[in-house]
Peer 1: 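Dropping a structure here in structure tokens format, bear with me for questions.
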Amino acid sequence: MLPQTAFMSQILFLLLIAFFGYFLTTRIIRIRKNIQLGRIENRTDKPARRFKNMMLVAFGQKKMFKKIIPALLHLMIYLGFLVINLEVLEFIIDGLFGTHRIFAPLLGDFYTVCLNIFEFLALAVIISCVIFLIRRNILKLPRFRSSEMTAWPRLDANLILIIEILLMVAIFTMNATDQVLQVRDSSYTSTGRFVLSAQLIPLLQPLPLDTLILLERVAWWAHIIGILAFAVYVTYSKHLHIFMAFPNTYYANLHSPGKMSNMPEVTNEVKIMLGAATEQPPGDPPERFGAKDVPDLTRSNIMNAYACTECGRCTAECPASLTGKKLSPRKIMMDVRDRAEEIGQKKAGQAENKALLGDYISKEEIFACTSCNACVEACPVQIDPLSIILQLRRYTAMEESSSPADWNNMFSNIETNFAPWKFAASDRFKWNKE
Amino acid sequence: MDLTQKPKEVPTMAALAAKGQTPEILFWVGCAGSYDQRYQRVTRAFVKILSEIGISFAVLGEEESCTGDPARRAGNEFLFQMQALSNIQLLNTYQVKSIVTACPHCFNTLKNEYPELGGNYEVVHHSTFLQRLIDNGRLIIKEGGSFNGKKITFHDSCYLGRANGIYQAPRKLLESLDAELVEMKRCRTTGLCCGAGGGQMFKESEPGNKSINTERTEEAISTGASIIASACPFCMTMLSDGVKEAEKEDEVKVMDITELIAQGKG
């Protein structure tokens, strides 16, 4: 390579890093702000337990293994992501300093071993992605096809798989051409044999030297630009779970899943009504009881939405979804994320005139929930759609009094007879007399 | 154990307090256990077991009131806390330490939601309570009872299973009967809800293509079991309706684990 072109490419590389780095940083700040739209809830207690949970569930993928086939395929992509990205370090050093495979002479045989491992994983990633594409588009697994899986979510899922395949193809092309070039041009650092990409050498042998040099460079740039662009894309995509799974499991609910969050502001009022002394003077009354919109939810609810990768295990287990009701826990999560993004972008007028409840999620959906926790149990990254549904219900009951008529009857039965049915309180102990 | 026999008078907390006595445990009957005719039979069976073994217990009788669970799940936090705080006042007045209940919804609320409002009790579900009685030898199941070799399937209640992680106790009880326990495909952590939780028991369901209880009952019936065992009043109602709808009432019975233990008791 001529010195000036090497210099040019270093500048170009630096500009690319700055360009994508800027977009990525802007997106991270935006997502952080969107999560901070929510109410603060104390989830910083028991750090050791939280860390252990994160290591088991996010890092260790514990809950994925309830479905063994997708778990193994997913594990390959996950390991590929973790391990192959070590190579990005070399890409960045080479790109910035105009070097080529800087680690090869430093690591010697170990470099060859590492790259062979990377290649093995790259092949595993390609195979897994192809199987995932087949599951989605040919076998058409029901959980990838329900009504909230409209054009964009389906395209998003396919794009991610295709991009991952292309990134791996770039690695193989780069490694294969490099091996041919090492034989023809002594200025290429010797790396030893990469078993998998070496299978492509016969295809490349007939090509002239210039084409090979170009092909190697194109593959190198394609891989690094691909990774940088993918990093930005991920922040707009369901694929963000690769990062959000970690904080999401760290801040997961540690209480019994059956426990609903308490509303201390209600406790104060009720204590006054019952004539019991309040321990502390009632604070400012809340702006709103329950949740109507994303800012009424908690930060972990919104973080949940960003951690959702739309796998649909929740909806596949939901008794309401299974029996044809409109409710789908996955849709709840997708709606929360879409609405958080909308508020975050502050599209003038639009954001204010709309709300999560009504414009995104209907009452019919939230009223259909049996609070059975099947969705919570099914989620591999501990997302809690139930918590959101119940907060939306609180808004309908306490702010709008728009609960179903049957529920309003149930409420008045409890108020007057202390039982959800219309039976006299004085008959409560009759079971003993009969 | 003969269930047709009238139970002895059940002591109330108020009556015992008047005599200056405090029972070891409070039996929280729950609204379904008090009013629902089918579940009253479960209440009576449980009381009979307690009396025969000589457990020191009492009920609240007319003083008992809804825990507030359905109101809370339907979104009415005010009503829930009204119920919860007045119940806690009553329970604390009687200095209640331990509670046993035959309703997973009451169990979950008393155990997980009352402490934050000042009600701290040791709360046990009747399945765990009965299992402990068998484990420590106080409750003996007679050999070669009427369940020997019978196929029984157990339906996990969401508020017992997923909400509180109790999967083993009811199954151990069924195993103690020498019955053949057949599991549905969706069981334990993936057990399918009966359709009544979260306030659904008290309202019509939203439009769909099937009732949840039909879906679940079909699954239970397909195991070939002659008894569907449950441990929750709402599940019992939903499954019984499902069996009726499938016109299988003659072949398949829905029974609470307490009734089965009462029948198998030596």
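Order of the sequence lines sets the chain letters (A, B, ...), proteins ahead of strands, with each chain counted from 1.
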Peer 1: Any side-chain donor paired with an acceptor under 3.5 Å for B:Q81 and A:T267?
Peer 2: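 Looking only at side-chain atoms, A:T267 and B:Q81 do form a donor-acceptor pair, the distance falling under 3.5 Å.
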Peer 1: What part of B:E204 gets closer than 4.5 Å to chain A, counting heavy atoms only: side chain, backbone, both or neither?
Peer 2: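 Answer is both: backbone and side chain atoms of B:E204 are under 4.5 Å from chain A.
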Peer 1: Below 4.5 Å, heavy-atom pairs only: which of A:A419, A:A368, A:P404, A:A397 has the largest tally toward chain B?
Peer 2: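 Looking at each of A:A419, A:A368, A:P404, A:A397 in turn, A:A368 comes out on top.
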Peer 1: Quick one: what part of B:F78 sits under 4.5 Å from any heavy atom of chain A, side chain, backbone, both or neither?
Peer 2: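 Both backbone and side chain.
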Peer 1: Checking heavy atoms, do the side chain of B:F107, its backbone, both or neither come under 4.5 Å from chain A?
Peer 2: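 No part of B:F107 comes within 4.5 Å of chain A.
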Peer 1: Begin with the C-alpha distance, continue with both residues' side-chain angles, and end with the deciding distance and a verdict on side chain to side chain contact (heavy atoms under 4.5 Å, CB included) for A:S256 and B:N108.
Peer 2: CA-CA 9 Å; A:S256 150; B:N108 178 69; 4.2 Å; yes
Peer 1: Does the pair B:R162/A:E377 count as a salt bridge with the N-to-O cut at 4.0 Å?
Peer 2: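 No, this pair does not count.
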Peer 1: Of the listed residues (A:K66, A:M273, A:E317, A:M398), which shares the most heavy-atom pairs with chain B below a 4.5 Å separation?
Peer 2: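 Max contact count across the listed options: A:M398.
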Peer 1: Relative to chain A, which of B:T67, B:D36, B:V29 shows the most heavy atom pairs under 4.5 Å?
Peer 2: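 The answer is B:V29.
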Peer 1: If you count heavy-atom pairs under 4.5 Å with chain B, which of A:A320, A:A405, A:C318, A:A425 comes out on top?
Peer 2: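 The residue among A:A320, A:A405, A:C318, A:A425 with the greatest pair count is A:A425.
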Peer 1: Pick one of side chain, backbone, both or neither for B:R186, based on which atoms fall under 4.5 Å of a heavy atom in chain A.
Peer 2: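 The side chain, not the backbone.
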Peer 1: May I ask you to name which of B:E77, B:E215, B:E62 has the most heavy-atom pairs under 4.5 Å with chain A?
Peer 2: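 It is B:E77.
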Peer 1: Hey, is CD1 on A:I40 packed in by over 12 heavy atoms from elsewhere, all under 6.0 Å?
Peer 2: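 Not more than 12 within 6.0 Å, no.
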Peer 1: Looking only at heavy atoms, what is the nearest atom pair of A:W407 and B:G199, with distance?
Peer 2: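 Looks like NE1-O, 2.7 Å.
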Peer 1: So B:E206 and A:K325, salt bridge (Lys or Arg N to Asp or Glu O under 4.0 Å) or not? Walk me through it.
Peer 2: CA-CA 6 Å; B:E206 279 59 35; A:K325 277 84 178 174; over 6 Å; no
Peer 1: Say you draw a straight line from CG of B:L79 to CZ of A:F411; how long is it, rounded to the nearest 0.5 Å?
Peer 2: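 These two atoms lie 7.0 Å from each other.
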Peer 1: Which atoms of A:A424 come close to chain B, meaning under 4.5 Å heavy atom to heavy atom: side chain ones, backbone ones, both, or neither?
Peer 2: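 Contact with chain B is through the backbone of A:A424 alone.
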Peer 1: Give a yes or no on this: more than 12 heavy atoms of other residues, nucleotides or ligands lie within 6.0 Å of atom OH of B:Y35.
Peer 2: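 Yes - once you tally the heavy atoms of other residues, nucleotides and ligands closer than 6.0 Å, there are more than 12.
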Peer 1: Would you indicate whether the side-chain heavy atoms of A:P319 and B:I212 approach each other to under 4.5 Å?
Peer 2: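 Result yes, sub-4.5 Å side-chain heavy-atom pair found.
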Peer 1: Name the member of A:N373, A:N413, A:N262, A:V270 that forms the most heavy-atom pairs with chain B at distances under 4.5 Å.
Peer 2: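 Option with the top pair count is A:N262.
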Peer 1: I'd like to verify something: which residue of B:T43, B:T109, B:N112, B:T190 has the highest number of heavy-atom pairs under 4.5 Å with chain A?
Peer 2: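 It is B:N112.
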Peer 1: As an exercise, state the distance from CZ of B:R73 to CZ of A:R394, rounded to the nearest 0.5 Å.
Peer 2: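 With rounding to 0.5 Å, CZ (B:R73) is 9.0 Å from CZ (A:R394).
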Peer 1: For A:C372 and B:C158, work out which heavy atoms get closest and say how close.
Peer 2: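 Taking every non-hydrogen atom into account, CB-SG, 3.3 Å.
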Peer 1: Looking at B:C194, B:A32, B:A196, B:G191, which makes the most heavy-atom pairs under 4.5 Å with chain A?
Peer 2: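 Option with the greatest count: B:A32.
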Peer 1: Answer yes or no: is there a side-chain heavy-atom contact under 4.5 Å between A:F429 and B:L60?
Peer 2: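 They are not in side-chain contact.
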Peer 1: For the pair A:R428 and B:E64, find out whether any cationic side-chain nitrogen is under 4.0 Å from an anionic carboxylate oxygen.
Peer 2: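 Between B:E64 and A:R428 there is a salt bridge, with a charged N closer than 4.0 Å to a carboxylate O.
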Peer 1: Given heavy-atom pairs under 4.5 angstrom as the criterion, report whether the side chain, backbone, both or neither of A:S401 touches chain B.
Peer 2: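 It is neither, since no heavy atom gets under 4.5 Å.
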Peer 1: What I'd like to find out is whether the side chain of A:I414 reaches to under 4.5 Å of the side chain of B:P70, using heavy atoms alone.
Peer 2: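 Contact flag for A:I414/B:P70 side chains = yes.
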Peer 1: Dump the intermediate steps for side chain to side chain donor-acceptor pair (under 3.5 Å) on A:T370 and B:Q200, then the final yes or no.
Peer 2: CA-CA 6 Å; A:T370 70; B:Q200 301 299 333; over 6 Å; no
Peer 1: List the steps, then state whether side chain to side chain donor-acceptor pair (under 3.5 Å) holds for B:E9 with A:N432.
Peer 2: CA-CA 7 Å; B:E9 192 63 29; A:N432 181 43; 3.0 Å; yes
Peer 1: Ignoring hydrogens, what is the shortest heavy-atom contact between A:P420 and B:C31? Give both atom names and the distance.
Peer 2: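 Residues A:P420 and B:C31, closest heavy atoms: CD-SG, 3.5 Å.
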Peer 1: Any chance NZ of A:K62 has more than 12 other-residue heavy atoms, nucleotides or ligands included, within less than 6.0 Å?
Peer 2: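 It does not: A:K62 NZ has 12 such atoms or fewer within range.
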Peer 1: Identify the two heavy atoms, one from B:S65 and one from A:F418, that lie closest to each other, and give their separation to 0.1 Å.
Peer 2: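 Taking B:S65 first and A:F418 second, the nearest heavy atoms are OG-CB, 3.0 Å.
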Peer 1: Please report the interatomic distance CZ(B:R44) to CH2(A:W431), rounded to the nearest 0.5 Å.
Peer 2: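 So the gap between those two atoms works out to 8.5 Å.
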Peer 1: After noting the C-alpha distance and the side-chain angles of B:E116 and A:K259, does the key distance pass the salt bridge (Lys or Arg N to Asp or Glu O under 4.0 Å) rule?
Peer 2: CA-CA 10 Å; B:E116 220 167 336; A:K259 179 186 181 297; 2.6 Å; yes
Peer 1: At a heavy-atom distance under 4.5 Å, which candidate from B:E113, B:K210, B:R72 has the highest pair count against chain A?
Peer 2: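 Winner by heavy-atom pair count: B:R72.
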Peer 1: Just verifying a value: how many Å separate A:T323 OG1 and B:N209 CG, rounded to the nearest 0.5 Å?
Peer 2: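 Separation between the atoms: 6.5 Å.
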Peer 1: Taking all heavy atoms of A:M410 and all of B:A74, pick out the closest pair and write down the distance.
Peer 2: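 A:M410 and B:A74 have their closest heavy atoms at CE-CB, 4.1 Å.
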Peer 1: Would you check if the distance from the ring center of B:F202 to the ring center of A:W421 is below 6.0 Å?
Peer 2: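 For B:F202 and A:W421, the ring centres are under 6.0 Å apart.
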